Asks: 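Quick one: the structure is below, and I'll ask about it shortly.
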Amino acid sequence: MLFDRFTGICYISFAMDKSLRNLPSVDKILSDKRIHCLEEDYSHDFVLQGVRQHLEEVRRHIAKGVPLPSFDQMVESISTLVNSLAQPNLRPVINATGVILHTNLGRAPLSREATVAMEECSRGYTNLEIDLDSGKRGSRQVHVQSLLCKLTGAESALVVNNNASAVLLVLSALVKGKEVIVSRGQAVEIGGGFRIPSVMRQSGAKLVEVGTTNRTYLSDYEEAITHRTAALLRVHSSNFRVVGFTQSVAIDELTPLGERYELLVLDDLGSGCLLDSARFGLEPEPMVQQSIAAGADLAMFSADKLLGGPQAGIIVGQGSLIAKIQRHPLARAVRIDKVRLAGLAVTLLHYLKSEAETKIPVWRMISASVEEIEERAQRWCDLLYGAASVIEGESVVGGGSLPGGTIPTRLVAIKGRGSVKDLADKLRCELPVVIGRTEKNLLLLDPRTVLPEEEEALLNRLRNILNN
Ligand SMILES: *Cc1c(COP(=O)(O)O)cnc(C)c1O
């Protein structure tokens, strides 16, 4: 073998060959007592896969010049790997970001009552599609239909998988092959691939954009109406705001125009708020009741944004239209399951019983006073023995509702000993997972989005990390 004095390549590959030669065989590892013990909990094949996966990783490390670990270290790593592979990857996360509706963190946390109903309905059988009075086949929609009608003033309602499918379903069932007029400022992308022009194309409807990016008048809609026009669609510009020289047409101005030309007026509300957000010091978010009262034929909205329920898409409005939508083949493809239906029904009941603000976590978080948050933040700091301090900040409603809507809050700011990135990484990579915000050299935690029952676990984690 040649030795290159300048690069030392031969020497490295020699060391590598030696390490690879000393790599224990799969059989040798499998016959170790500690690995054998794993087969009490897991199948032989599962353990074997873990062994192979680890050996593969060690080989890759050796190629990069990392020395061969000891046999005991490898056995330990394999046990950890096999045990972790057997854990579900989707797990609870403590949201200390201060973003109340965080799409990446699963949007709305549910009320205790809603989760109990979901658990009960998933454990056994339910009267999902059976009418208990007559014993005959029923519709799964009845469990939420009348609740939605009472709360929104609509004639009928239909619940599907999510709001994106609600919009696609409505357009496909009612206006396929026809023209739909949308303000140019509302032909938006909501995020996660939901773009009004693409959804429109997918449904087979033709998008006719009117007005300009910042200003659209009622006359713009009227001038675009032809014999091919079937609907006027309003879309809530959920996650952005056009400020300054702007003009848009409100839903109660669109409905008389729709009536005059016999066009459907459809309202994609996005978040679909049932409470008056202005009462909480926020900008007014369009309410479902207002849309129906203004005469919209159909309004579509999410159940897991400001409504505070499980993921679902809700369509409310005219009974004859809902019946037609329900018969479309897509309705079956995007139908809701029994578990979320159970959670949604209980969430809607909170509104009916006027207890939304106290029972639904999203509204509890929004309505928590800054004094209340400050008190919690101060208590956290006290329990962290001076490793943190309370500073002023802003919580965000998020989730495509109330764009730019923030709520004054208090943050727990932690400096830590190492880099703030290391601290955030540690909190994110071990159980229970905690996600905060980092800003410059500080880790910021907002008590507003941390559920009271999560506090103890969060503080224990922090104390452990800060003391080590
Ligand atoms: C969020 C949103 C959607 C998509 O709703 P999902 O429930 O996430 O499918 C559609 N339209 C608007 C205006 C939205 O804000």
Side-chain angles (χ1 to χ4, degrees), residues 99-110 144 148 157-172 180 182-203 205 207 209 216 231-242 248-251 254 265-274 277 282-288 290-291 296 298-317 325 330-331 333-337 340-341 343-344 347-348 362 396-405:
V99 181
I100 297 172
L101 294 166
H102 199 304
T103 296
N104 301 144
L105 302 183
R107 290 198 185 146
L110 303 182
V144 286
L148 282 166
L158 179 68
V159 176
V160 293
N161 181 60
N162 60 353
N163 190 33
S165 58
V167 175
L168 177 63
L169 176 60
V170 165
L171 296 174
S172 306
V180 177
V182 180
S183 159
R184 184 155 279 129
Q186 296 175 2
V188 296
E189 172 173 324
I190 308 298
F194 184 89
R195 299 175 130 192
I196 287 296
S198 322
V199 174
M200 199 74 86
R201 209 174 312 119
Q202 183 63 40
S203 74
L207 170 66
E209 284 182 48
T216 303
L232 309 174
L233 171 67
R234 179 179 81 150
V235 182
H236 182 37
S237 65
S238 308
N239 48 8
F240 74 100
R241 214 162 33 155
V242 184
S248 63
V249 181
I251 195 77
L254 274 186
V265 176
L266 309 172
D267 197 3
D268 176 6
L269 286 164
S271 194
C273 204
L274 292 175
S277 57
L282 297 167
E283 303 241 326
E285 173 78 9
M287 290 165 73
V288 188
Q290 291 169 340
S291 180
L298 292 173
M300 295 79 81
F301 54 101
S302 295
D304 56 349
K305 293 184 180 171
L306 279 173
L307 192 88
Q311 181 193 303
I314 301 174
I315 307 166
V316 292
I325 294 167
L330 252 188
V334 298
R335 82 173 176 189
I336 180 108
D337 68 285
R340 289 184 288 148
L341 210 44
L344 178 60
T347 306
L348 293 172
V362 166
V396 180
V397 178
S401 47
L402 298 152

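For ligands, and for the atoms within them, numbers begin at 1 and follow the listed sequence. Model, not experiment: these values are computed from the prediction.
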Asks: Keeping Ser277 on the side-chain end and Glu283 on the backbone end, is there a donor-acceptor pair under 3.5 Å?
Replies: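 Checked: pair present.
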
Asks: Taking distance alone, with no angle check, do Asn162 and ligand 1 share an N/O pair under 3.5 Å?
Replies: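 Yes, there is a polar N/O contact under 3.5 Å.
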
Asks: Under 3.5 Å, is there a donor-acceptor pair between the Asn163 and Asp268 side chains?
Replies: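 There is such a pair (donor and acceptor under 3.5 Å, judged by atom type) between the side chains of Asn163 and Asp268.
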
Asks: With atoms numbered from 1 as shown, which atoms in ligand 1 lie under 4.0 angstrom from a non-hydrogen atom of His236?
Replies: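 Per the distance check, 13 (C).
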
Asks: Which bit of Lys305 is near ligand 1, meaning a heavy atom under 4.0 Å away: side chain, backbone, both or neither?
Replies: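 The answer is the side chain.
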
Asks: For ligand 1, which atoms have a heavy atom of Phe194 less than 4.0 angstrom away?
Replies: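 This gives 10 (C), 11 (N) as the contact atoms.
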
Asks: So, Gln186 versus His236: side-chain donor-acceptor pair below 3.5 Å or not?
Replies: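 The criterion, which ignores hydrogens and geometry beyond distance, is not satisfied for His236 and Gln186.
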
Asks: Just heavy atoms, cut-off under 4.0 Å: does Arg107 contact ligand 1 by side chain, backbone, both, or neither?
Replies: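 Side chain only; the backbone of Arg107 stays clear of ligand 1.
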
Asks: Report yes or no: do Ser172 and Ser203 form a side-chain donor-acceptor pair below 3.5 Å?
Replies: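 Distance-only check fails for Ser172 and Ser203.
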
Asks: Taking the minimum heavy-atom distance to atom 5 (O) of ligand 1, which of Asp268, Asn163, Val199 ranks first?
Replies: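 Closest candidate by heavy-atom distance is Asn163.
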
Asks: Calculate, to the nearest 0.5 Å, the distance between atoms CD1 and CG belonging to Ile251 and Asp267 respectively.
Replies: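 Interatomic distance, Ile251 CD1 to Asp267 CG, rounded to 0.5 Å: 3.5 Å.
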
Asks: So if I count the atoms of ligand 1 from 1 in the order they appear, which ones are less than 4.0 Å from some heavy atom of Ala164?
Replies: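 Counting from 1, the qualifying ligand atoms are 4 (C), 5 (O), 6 (P), 9 (O).
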
Asks: Under 4.0 Å from a heavy atom of Ser302: give me the atoms of ligand 1 that qualify, with their elements.
Replies: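 This gives 5 (O), 6 (P), 7 (O) as the contact atoms.
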
Asks: About how many Å separate CG of Leu307 and CG of Leu344, when rounded to the nearest 0.5 Å?
Replies: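 Atom-to-atom, Leu344:CG and Leu307:CG are 6.5 Å apart.
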
